[in-house]
Amino acid sequence: MQRQVNTYFMQHLQALISSLGAMWRAPLASIMTLLVIAIALALPAGLYVFVHNMQTITQDWQSGAQLSLFVKDDVTDARAKIISQEIKTYPGVGDVQFLTRDAAFAEFKTLSGFPEMLDTLPDNPLPAVIIVHPTFTDPMLLQKLEKTLKAIPEVALVQLDMEWVQRLSALLQVGEKIVWILMLFLCAAVVLIIGNTIRLAIFNRQDEIAIIKLVGGTNAFIRRPFLYTGIMYGLFGSILAVIMITGALLVLGNPIESLASAYQTDYKILGLSIGKGLDLLFLGTLLGWLGAAIFVHYHLKRIEP
Amino acid sequence: MISCQHVTKSYPGGFTALNDIDFELSQGKMAFLTGHSGAGKSTLLRLIALIERATRGKMIINGFDLNKVSGHHLPYFRRSVGVIFQDHRLLMDRTVFDNVALPLVIAGFSHYEIKKRVQAALDKVGLLNKISRFPVALSGGEQQRVGIARAVVNKPTLLLADEPTGNLDPIISADVMKLFSEFNQVGVTVLVASHDLDLISTMSYPVFVLEDGRLCKDK
């Protein structure tokens with residue numbers, strides 16, 4: 001039993017070493033294959049990082065969402081203030097600010113940049129405003145809140161400045177779907193690339209395979225080095241993909257930070273997390289094994305002594 | 001042990017290579033198989049080694065019923081049979097040691113055991129001093145002896161040789177044949193296909209003659 005277990009591990013080790021040796025002996029071909037695999041894996045993974053970053057940014061924006069309630073002109077400031085305090089008790093409402101007509105006019109004067117001209121107006125044209133900060137960011141819930149607030153008789157208009165954020169978030173959802181579709185296609189590409197590499201390796205070692213079969217090599221024994229070759233290509237290719245993405249983020253990091261600071265935000269670009277990086281390595285290894293397994297199974301059957 | 005009953009091998013297109021062969025070789029015996037080119041010698045050996053399958057008939061080799069040896073058991077059957085080819089079929093990019101070690105590596109022997117057995121097999125065929133050479137650096141006779149060492153290193157109970165002396169000069173051919181009879185003396189069943197009638201006649205083993213796919217006589 002012990003001997004069998006030892007033999008089993010010895011044979012796996014031999015297969016692993018022989019597959020690494022074969023890659024090492026043809027460095028140019030191996031590197032080119034690895035690069036193709038790495039690029040195929042880095043493309044969807046990089047796109048994922050991009051979409052993930054965009055989602056994080058827009059989430060920040062969404063949390064800054066607010067509803068502006070314009071109070072009808074015939075409502076007194078005192079009444080409007082009472083309403084604003086009532087709104088504060090609504091579920092999902094965090095902070096509520098009340099701007100009287102005068103306060104709104106004063107704010108507009110300072111922001112507009114031409115206060116003298118506004119002084120010439122005979123009357124204050126602005127309504128009183130209640131600004132509602134919700135505690136959630138979900139577009140559906142926001143719309144529900146918008147409806148509730150619209151139903152208050154003293155409120156003339158509710159403005160939810162969310163539409164463009166919603167559109168962006170919908171766009172990002174499309175982006176996420178594209179990442180998945182791209183992932184699927186490029187995973188298939190990786191399987192085919194590795195499969196083709198294995199096919200060539202089998203073709204080059206046809207005589208050897210025939211002789212191994214002749215002297216009693218089991219199919220598992222013959223398959224093993226090729227499976228390890230596939231696994232190694234997948235693993236090294238995905239390591240290379242992680243390096244590529246990390247490198248690209250390093251290059252992009254500084255420009256993005258200065259871009260963010262130009263917009264008075266302090267945004268740090270999100271890289272590939274360790275978990276996602278490990279996922280990528282696992283995926284690459286799995287695809288390598290899969291590509292090798294499919295093609296080895298298909299081609300070994302045809303080689304007989 | 002070889003036992004063939006009513007063995008027929010025909011190929012698609014109607015060519016019959018072997019026709020109703022009855023053939024027995026008991027455990028520990030040695031025999032020659034002879035006949036013209038195309039008489040079916042190689043085909044019979046390929047059927048016995050289960051490189052090809054008979055179209056009809058029953059074959060019992062080393063206790064295996066070949067009709068029942070399927071995919072999974074095939075490698076284990078082949079390990080009990082050593083096969084030697086005219087073109088020796090060595091791996092040219094491996095050393096003599098690696099070539100001879102191949103059946104042992106496949107069977108999962110330990111390093112120590114592999115080294116010991118490969119050295120013993122190469123010593124037996126007189127090539128211990130060429131252990132780390134590559135086959136291209138060897139003469140035809142030496143390459144053939146490496147092939148023999150590979151066939152016997154796993155201590156098979158049956159040894160098949162297909163024209164092992166086909167490319168060799170008479171003196172070396174006699175040496176190779178002598179090797180086979182030495183293996184036979186330690187209990188290995190040996191079947192050698194050869195058309196070298198002069199050489200065969202110098203040795204006192206039964207001779208089976210194939211003619212157009214039929215076994216004509218045995219003397």
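Within every chain, numbering begins at 1; the chains are lettered A, B, ... in the order of the sequence lines, protein sequences first and strands thereafter.
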Checklist entry - Is it the side chain or the backbone of B:His111 that comes within 4.5 Å of chain A heavy atoms, both, or neither? => result side chain
Checklist entry - What part of A:Glu208 gets closer than 4.5 Å to chain B, counting heavy atoms only: side chain, backbone, both or neither? => result both
Checklist entry - Would one find more than 12 heavy atoms of other residues, nucleotides or ligands at under 6.0 Å from atom OH of A:Tyr298? => result no
Item to check | Part of A:Leu214 within contact of chain B (heavy atom distance under 4.5 Å) | outcome: both
Checklist entry - Under a 4.5 Å heavy-atom cut-off, does chain A meet the side chain of B:Val81, its backbone, both or neither? => result neither
Item to check | Note, A:Gln14 side chain near B:Val105 side chain (heavy atom, < 4.5 Å) | outcome: yes
Checklist entry - Stepwise, does the side chain to side chain contact (heavy atoms under 4.5 Å, CB included) test hold for B:Ile51 with A:Lys213? => result CA-CA 9 Å; B:Ile51 297 168; A:Lys213 280 195 174 184; over 6 Å; no
Next on the checklist: Just checking B:His195: does its NE2 atom have more than 12 heavy atoms from other residues, nucleotides or ligands closer to it than 6.0 angstrom?
Outcome noted: no
Item to check | Atom CG of B:Asp212: over 12 foreign heavy atoms under 6.0 Å | outcome: no
Item to check | Enclosure of A:Phe50 CZ (heavy-atom neighbours >12, cutoff 6.0 Å) | outcome: no
Checklist entry - Which bit of B:Leu50 is near chain A, if near means a heavy-atom gap under 4.5 Å: side chain, backbone, both or neither? => result neither
Checklist entry - How close do A:Gln11 and B:Ala107 get, heavy atom to heavy atom, and via which atoms? => result NE2-C, 4.3 Å
Item to check | A:Ile212 side chain reached by B:Leu102 side chain, heavy atoms, under 4.5 Å | outcome: yes
Next on the checklist: Can you give me the closest heavy-atom contact between A:Val215 and B:Ile106, atom names plus distance?
Outcome noted: CG2-CD1, 3.4 Å
Next on the checklist: Within the 4.5 Å heavy-atom criterion, are A:Thr218 and B:Arg79 side-chain neighbours or not?
Outcome noted: yes
Checklist entry - Does A:Asp207 reach the side chain of B:Arg89, with side-chain heavy atoms less than 4.5 Å apart? => result no
Checklist entry - Which one of B:Met92, B:Arg46, B:Glu52, B:Arg78 has the most heavy-atom pairs closer than 4.5 Å to chain A? => result B:Arg78
Checklist entry - Say you draw a straight line from NE2 of B:His72 to CG of A:Asn219; how long is it, rounded to the nearest 0.5 Å? => result 10.0 Å
Checklist entry - At their closest point, which heavy atom of A:Arg205 faces which heavy atom of B:Arg94, and how far apart are they? => result NH2-NH2, 4.4 Å
Item to check | Winner by heavy-atom pair count (cut-off under 4.5 Å) against chain B, out of A:Gly217, A:Ala210, A:Ala220 | outcome: A:Gly217
